[in-house]
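Structure record follows, encoded as structure tokens.
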Amino acid sequence: MPAVVIVGAQWGDEGKGKATDLLGSRVDYVVKFNGGNNAGHTVVIGEEKYALHLLPSGILTPGCVPVIGNGVVVDIGVLFEEIDGLEARGVDTSQLKVSASAHVIPEYNKVLDKVTERFLGSRKIGTTGRGIGPTYADKMNRQGIRVQDIFDEKILTQKVEGALELKNQLLTKVYNRRAVTVDEVVEDLLSYADRLAPFVADTTLLLDRAIADGKIVLLEAGQATMLDVDHGTYPFVTSSSATAGGAATGSGIAPTRIERVIGIVKAYTTRVGEGPFPTELFDASGDFLREQGGEFGTTTGRPRRCGWYDSVVARYSARINGVTDFVLTKLDVLTGLETIPVCVAYDVDGVRHEEMPVNQTDFHHAVPVYEELPGWSEDISGARSFEDLPANAQAYVRRVEELSGARISVVGVGPGREQAVVRHDLI
Ligand code: GDP
Ligand code: IMO
Ligand code: MG
């Protein structure tokens, strides 16, 4: 099995980090292929808890090579903060590889991200403010700065000059901020060159050779299908391709090498930031999920919006990503509920929709059609086989599987590495 993809099947924070960590010992390379430090993955190993933003979760597995692919946007300051934080806790980061073609997030794009949000007012996206959108916009606009540019002062200066011509007009004339000088940007980026150099590689060649040698490569998405710039709830999305298709472009691994696509899906739904969310709860049930599930963002600390499981979203994700296996996480969070509603379809202005409405306005008007499933009260956090789960928890998994368009191969019953029920091996 040469390449395997892990994607978020909802609006993020499904537990991709834990799933990647779970597979870490079976794979040789873990590649982050999209996004940047807008991601936040919490991985719990024994008593230790790690919060990763920019580094692939595979960094926690000894012997696994972590790779930051060409599709990622890199805040170099954050990269070294994260490396230093892990090294201080005894994690070896020396094997990290960073694509020479990945784009870097210059300071001015962080400023632009925040002022643009303020400018949008009630139309804001609720971004993480990390400069992600402006940096991807520069990339598409052919005004981006890439990792390789940092090693050539002349080229770097030219590119920064080019980018700032327009940015400074925006900053001063539209947003009433101070202009940025070419020198300060260039100096800041150059200051990282010596430390960054040993990590930089032609990662597409490296990964191709690894696959030719029979190694297994895991491609780990940040964000999720419903936040994908093409397939998500546009414009309330992130600015990258967070779906399985993005794994090929964001890593340089050919699509024909990808044999399995693992969709990570929570046993309920959460969302951070603005945008439509049909099954969102505004009552005590929402508070229950937020408290039981610890639904507060790893990156910004914002309380996550919570709602019931949405099988229209899951089916859509199965289709868009070609999901071969789902990992259903956080089933333990539902323990104690008498009944558990699951959304099976939407009612849009009196018309039943089993599939994701193509029109965004319809999605905004979607009212969930629920099926009520019986709950359970037993603690399931110690379950290690499917048979260990109470009958109603098993029935919940089976019904959700039936509705979601792919088999559920693993069920998460707690945050710990070992807290999972494996029904079918993923690799
Ligand atoms: P990611 O961004 O997709 O990697 O997910 P996050 O790390 O942002 O959010 C998932 C949270 O759920 C983390 O705090 C995990 O430790 C936790 N988690 C993952 N799987 C499970 C599970 O099966 N049960 C419980 N209770 N927590 C889980
Ligand atoms: P992980 O990888 C949840 C959301 C933001 C905002 C929108 C755009 O941990 O699942 P951006 O800063 O990317 O321009 O913000 O996307 N968002 C996430 N929500 N999990 C994430 O990552 C997210 N990354 C971005 O809240 O609504
Ligand atoms: Mg997260």
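Just follow the structure's listing: the first ligand is 1, and inside any ligand the first atom is 1.
- For Ala39, the closest heavy-atom approach to ligand 1 does not fall below 4.0 Å.
- Contacts with ligand 1 closer than 4.0 Å are made by side-chain heavy atoms of Lys18 only, the backbone lying farther away.
- Contact annotation: for His41 versus ligand 2, heavy atoms closer than 4.0 Å belong to the side chain alone.
- With atom 21 (C) of ligand 2 as the reference point, the heavy atom nearest to it among Asn37, Asp113, Asp13 is part of Asp13.
- Looking at Trp11 against ligand 2, only its backbone comes within 4.0 Å, counting heavy atoms.
- Under 4.0 angstrom from ligand 1, the non-hydrogen atoms of Val413 all belong to its backbone.
- The shell of residues lying under 4.0 angstrom from ligand 1, judged by heavy atoms, includes Arg304.
- Heavy-atom contacts of Gly126 reach the following atoms of ligand 2: 5 (C), 6 (C), 26 (O), 27 (O) (cutoff under 4.0 Å).
- For ligand 2, the atoms lying closer than 4.0 Å to a non-hydrogen atom of Val237 are 7 (C), 8 (C).
- Using a 4.5 Å heavy-atom cutoff, the side chains of Glu295 and Tyr268 are in contact.
- Near Gly40, the atoms of ligand 1 lying under 4.0 angstrom from a non-hydrogen atom of the residue are 1 (P), 2 (O), 6 (P), 7 (O), 8 (O).
- The heavy atom nearest to atom 18 (C) of ligand 2, considering only Val272, Leu227, Thr128, is found in Leu227.
- Heavy-atom contacts of Ile125 reach the following atoms of ligand 2: 27 (O) (cutoff under 4.0 Å).
- Against a heavy-atom cut-off of under 4.0 Å, Gly222 is close to the following atoms of ligand 2: 2 (O).
- Of all the heavy atoms of Asp332, the ones lying under 4.0 Å from any atom of ligand 1 belong exclusively to the side chain.
- Between the Mg ion (ligand 3) and Gly12 there is no N/O/S contact shorter than 2.8 Å.
- The side chain of Lys16, and not its backbone, has at least one atom closer than 4.0 Å to an atom of ligand 2 (non-hydrogen atoms only; side chain from C-beta on).
- Not close to ligand 2: Ser239, with no non-hydrogen atom less than 4.0 angstrom away.
- Applying the 4.0 Å criterion to heavy atoms of Gly412 picks out, from ligand 1, the atoms 23 (O).
- Of the candidates Lys16, Arg417, Gln223, Lys330, it is Lys330 that places a heavy atom closest to atom 28 (C) of ligand 1.
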Mind running salt bridge (Lys or Arg N to Asp or Glu O under 4.0 Å) on Lys114 and Glu117 for me, showing each step along the way? CA-CA 5 Å; Lys114 289 182 191 129; Glu117 282 283 277; over 6 Å; no

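- By heavy-atom distance, the residue among Ile380, Ile264, Thr42 lying nearest atom 14 (O) of ligand 1 is Thr42.
- Closest to atom 15 (O) of ligand 2, if we only count protein heavy atoms, is Thr127 CA, 3.3 Å.
- Residue Gly8 places no heavy atom under 4.0 Å from ligand 1.
- Contacts between Thr298 and ligand 1 below 4.0 angstrom, taking non-hydrogen atoms only, involve the side chain exclusively.
- The closest approach between any non-hydrogen atom of Arg302 and ligand 2 is below 4.0 Å.
- Below 30°, between 30° and 60°, or above 60°: for Phe199 and Phe80 the angle between ring planes is between 30° and 60°, a tilted geometry.
- For Arg130, no heavy-atom contact with ligand 2 is shorter than 4.0 Å.
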